[in-house]
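The chains referred to below are lettered A, B, ... by the order of the sequence lines, with proteins before strands, and numbering in each begins at 1. Only this structure's heavy atoms are used, side chains among them; waters, hydrogens and symmetry mates stay out.
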There are 2 protein chains.
Amino acid sequence: MSLHEVPILLHRCGDCPIRHRAVCARCDTDELSTLEQIKYYRSYQAGQTVIWSGDKMDFVASVVTGIATLTQTMEDGRRQMVGLLLPSDFVGRPGRQTVAYDVTATTDLLMCCFRRKPFEEMMHRTPHVGQRLLEMTLDELDAAREWMLLLGRKTAREKIASLLAIIARRDAALKLRDSKGPMTFDLPLTREEMADYLGLTLETVSRQVSALKRDGVISLEGKRHVIVNDFARLLEEAGDDSDGGLPV
Amino acid sequence: MSLHEVPILLHRCGDCPIRHRAVCARCDTDELSTLEQIKYYRSYQAGQTVIWSGDKMDFVASVVTGIATLTQTMEDGRRQMVGLLLPSDFVGRPGRQTVAYDVTATTDLLMCCFRRKPFEEMMHRTPHVGQRLLEMTLDELDAAREWMLLLGRKTAREKIASLLAIIARRDAALKLRDSKGPMTFDLPLTREEMADYLGLTLETVSRQVSALKRDGVISLEGKRHVIVNDFARLLEEAGDDSDGGLPV
DNA sequence: TTATTGCTTTGATTCAGATCAAGCGGGAAA
DNA sequence: TTTCCCGCTTGATCTGAATCAAAGCAATAA
């Protein structure tokens with residue numbers, strides 16, 4: 001694991017390409033060496049719980065590879081996903097030690113962790129990191145609000161199209177390809193996880209995915225590999241104005 | 001307007017009571033005088049739009065009196081509220097100039113604004129403010145995630161009970177009363193606004209409010225004044241574990 | 001090779017909430 | 001006073017998604 005690949009998020013500058021993996025030249029490197037000292041890696045198997053709601057979380061972390069979800073659960077078992085962590089995303093909450101939702105690895109997962117206390121101290125010393133973290137949190141809040149529109153007002157078909165568009169765009173960004181032309185990606189979620197994301201049942205998810213396929217918006221190879229035949233059409237189906245919201 | 005009543009949020013410390021209005025002794029006062037220099041007040045009438053989605057927002061602000069909402073709208077007019085701003089809440093996004101949703105005054109509204117540029121500069125000088133802002137943003141994100149569970153998985157009755165519980169609790173905090181015993185408050189939202197908050201239609205809101213009244217969970221005086229007969233019962237109806245989530 | 005298991009699809013039926021449609025009640029204007 | 005208007009309630013009906021129930025399919029184990 002090269003040093004360049006690790007503290008991606010903490011060190012990217014505002015005007016650098018969103019998912020680049022190299023450390024930006026404009027960031028000073030003091031923080032980098034501090035981070036090096038307090039970081040460690042943890043890996044989880046698919047399905048393993050990283051941390052339970054209410055537990056103490058004595059680290060903050062960023063996802064290196066794999067996918068994790070944040071979910072909330074009601075006593076009777078109803079579940080709602082409230083966050084989806086893809087590579088380079090950040091989890092954890094400097095300044096609060098308990099976490100309010102379950103964090104689960106949905107695929108094999110490698111996280112780069114930083115012990116919370118020294119991380120917080122470092123944050124106090126170097127405001128740059130705190131500012132970057134504020135920016136990231138505000139982006140996350142914007143994404144959450146977009147998601148609220150989806151949950152509250154979109155139809156099942158629109159929800160599915162929206163989710164596919166989000167994953168397609170993030171996947172494209174990760175691969176450093178542009179968002180034009182036919183896109184292709186592997187769904188990182190089961191039907192049930194998609195349902196938890198969208199506030200639907202897994203049967204409805206299955207039906208609507210089939211419907212989008214039948215209507216030629218997407219094609220499938222196997223259950224998981226998706227080909228987006230026309231991204232603009234997909235966005236239209238998603239009911240999104242403009243281009244589907246924020247840069248993700 | 002006394003100086004003490006203004007930059008409430010920016011200056012409260014982590015362990016001070018949540019909604020206190022005096023400036024905490026542990027905060028240094030340099031920032032206060034800076035803020036004094038760059039602040040101004042704006043008032044809006046009920047129904048007036050503070051700012052449209054996509055517009056430039058050259059200030060950040062905190063609500064002094066009245067209520068504002070953040071809403072997202074689809075082209076066909078479907079609306080979802082994504083934020084509810086009560087007195088002492090903060091709006092605005094240091095580091096980004098356009099806003100991604102409509103901000104509307106639902107009652108007469110007084111806001112204490114700070115010009116964005118000098119505010120950002122002040123933030124860079126005094127990390128304390130940035131840290132406080134990060135903390136507030138993380139709280140807002142937690143609230144948004146609670147809201148996502150509501151939108152995705154709760155029944156209409158649970159949604160209404162949840163909203164009433166949220167308003168009752170915030171109102172009690174504002175009045176500095178404790179949350180025990182019969183609570184009483186004026187609904188600050190119309191049925192339609194409640195519907196936009198909850199992802200329902202106004203007819204369903206009306207029916208479920210009537211149902212909670214019929215079942216003795218709440219009483220009404222007129223359309224707007226609500227008496228919560230038993231707060232614990234209300235929380236139970238809301239389907240919330242523990243006490244309904246986060247401190248608001 | 002045949003089970004087993006976990007995910008997925010598809011079909012039949014039900015139901016919570018949306019939609020359509022009156023009607024109510026209180027406050028402001030005439 | 002009457003009229004109008006706006007926010008709210010209530011009723012009748014419809015419908016999209018949930019629920020209940022069977023199979024299908026692919027990968028792994030036996």
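Here Leu202(B) lies in heavy-atom contact (under 4.0 Å) with a base. Contact annotation for Thr201(A): base contact, defined as any heavy-atom pair under 4.0 Å involving a base atom. Residue contacts shown for Gly47(A) are absent, as no nucleic acid heavy atom lies under 4.0 Å away.
Judged by distance alone, with hydrogens and angles left aside, the side-chain atoms of Thr204(B) form no donor-acceptor pair with the main-chain N or O of Leu200(B) at under 3.5 Å. Looking only at distances, a side-chain donor or acceptor of Asp102(A) sits under 3.5 Å from a matching main-chain atom of Ser53(A). Side-chain atoms of Arg42(B) never come within 3.5 Å of backbone atoms of Cys112(B) as a donor-acceptor pair (strictly under, hydrogens ignored).
What separates CD of Glu193(B) from C1' of dG7(D) is a distance of 11 Å, to the nearest Å. One atom, CZ of Arg78(A), and another, P of dA16(C), lie 13 Å apart when rounded to the nearest Å. dA18(C) atom P lies 7 Å from atom NZ of Lys159(B), rounded to whole Å. Counting to the nearest Å, the C1' atom of dA17(D) and the CZ atom of Arg153(A) are 16 Å from each other. Atom CZ in Arg191(A) sits roughly 13 Å away from atom C1' in dC25(D) (whole-Å rounding). Across the protein-nucleic acid pair, Glu203(B) atom CD and dA22(C) atom C1' stand 12 Å apart, rounded to whole Å. Atom-to-atom, CD1 of Ile160(A) to P of dT9(C) comes out at 10 Å; the value is rounded to the nearest Å. Rounded to an integer number of Å, the gap from Asp196(A) CG to dA17(D) P is 17 Å.
Below 30°, between 30° and 60°, or above 60°: for Phe59(B) and Tyr40(B) the angle between ring planes is above 60°, a perpendicular geometry.
Note on Arg93(A) versus Asp139(B): salt bridge recorded, some NZ/NE/NH1/NH2 to OD/OE distance being below 4.0 Å. Checked for salt-bridge contact, Asp76(A) and Arg153(B) miss the test: no charged N lies under 4.0 Å from a carboxylate O.
Judged purely by distance below 3.5 Å, without hydrogens or angles, the side chains of Asn229(A) and Ser219(A) pair a donor atom with an acceptor atom.
For DNA chain C, the neighbouring residues in residues 206-225 of chain B, judged by any heavy atom under 4.0 Å, are Arg207(B).
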